[in-house]
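Treat the numbers as computed from the prediction; the structure is a model and nothing was measured. Hydrogens, waters and symmetry mates are skipped; everything else that's a heavy atom, side chains included, is used.
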Amino acid sequence: MRIRTLTVSELNKYVKKLLNYDPIINNVSIKGEISNLSFPSSGHVYFSLKDEQSKINCVLFRSNFKLVKFKLHDGLHIIIKGYASIFERDGQYQLYVENIEPEGIGALHLAFNQLKTKLKTEGLFDDTHK
């Protein structure tokens, strides 16, 4: 049996369908470290999630980013929930992040510590302001 020759677009579309119908890939939690973090003007957030041996590209759309209560930065260890799919135009698979939490401590605790550090840096805890 011979299968017809596919175009690049047809192959990418087929792989995307395979990924979209996989129950594990459609609802995955992954932990790792943020690297290559960028905040383009679109409002979406792009970064890589890496561990000691591998990395995967991630996108956090603006609507989900608005729900994040803490500041993202390179080196932050996180747990993401989302799904893997292929960006057909480039033929690369990536994680589409729906929820993001810091690994180990809660999001509100991290946000509180980040705010406290910012205010301390600005000198607002100095005795002269009391």
Where Asn12 and Ile86 come nearest, the two heavy atoms and their spacing
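For Asn12 versus Ile86, the nearest heavy atoms are O-CG2, 3.7 Å.
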
OH of Tyr83 to CG of Asn26: how many Å apart, nearest 0.5 Å?
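Here the interatomic distance stands at 8.5 Å.
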
Could you state the interatomic distance from CG (Leu49) to CG (Leu95), rounded to the nearest 0.5 Å?
7.0 Å

Sequence neighbours left out, cut at 3.5 Å: what donor-acceptor pairs do the side chains of residues 74-82 make with other protein atoms?
unit_1	atom_1	unit_2	atom_2	d
Asp74	OD1	Asn36	N	3.2
Asp74	OD1	Leu37	N	3.1

ring-ring contact (aromatic ring centres under 6.0 Å, His included) pairs, two or more places apart, involving residues 10-40
Phe39-Phe65

Please, which pairs that meet side-chain hydrogen bond (donor to acceptor under 3.5 Å, both in side chains) have at least one residue in residues 84-97, sequence neighbours excluded?
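Listed by first then second residue: Asn20-Ser85, Gln94-Tyr96.
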
Provide the full list of salt bridge (charged side-chain N to carboxylate O under 4.0 Å, His left out) pairs with a residue in [range], sequence neighbours left out, each pair given once.
range	answer
residues 36-48	none
residues 30-49	Lys31-Glu103
residues 3-14	Arg4-Glu10

With a 4.5 Å cut-off on side-chain heavy-atom distances among I, L, V, M, F, W and Y, is there a chain of contacts connecting Phe87 to Phe47?
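In one cluster with Phe87: Phe47, no.
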
Could you tell me whether Leu18 atom CG has more than 12 heavy atoms of other residues or ligands within 6.0 Å of it?
yes

After noting the C-alpha distance and the side-chain angles of Asn64 and Asn99, does the key distance pass the side chain to side chain contact (heavy atoms under 4.5 Å, CB included) rule?
CA-CA 7 Å; Asn64 291 327; Asn99 187 24; over 6 Å; no

In a table with atom names and distances, give each donor-acceptor pair under 3.5 Å that connects a side chain of residues 50-61 to protein atoms at least two apart or in another chain.
unit_1	atom_1	unit_2	atom_2	d
Asp51	OD1	Gln53	N	2.9
Asp51	OD1	Ser54	N	2.8
Lys55	NZ	Asn57	OD1	3.4
Asn57	OD1	Ser48	OG	3.2

Could you list the cluster mates of Leu67? Members are the ILVMFWY residues connected by side-chain heavy atoms closer than 4.5 Å, either directly or through other members.
none

Going by side-chain contact (heavy atoms from CB on, under 4.5 Å), name the residues that satisfy it together with Pro40, two or more places apart in sequence or in a different chain.
Ser38, Ser42, Tyr46

In chain order, what residues pass the side chain to side chain donor-acceptor pair (under 3.5 Å) check against Arg62, with sequence neighbours excluded?
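Applying side chain to side chain donor-acceptor pair (under 3.5 Å) to Arg62 gives none.
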
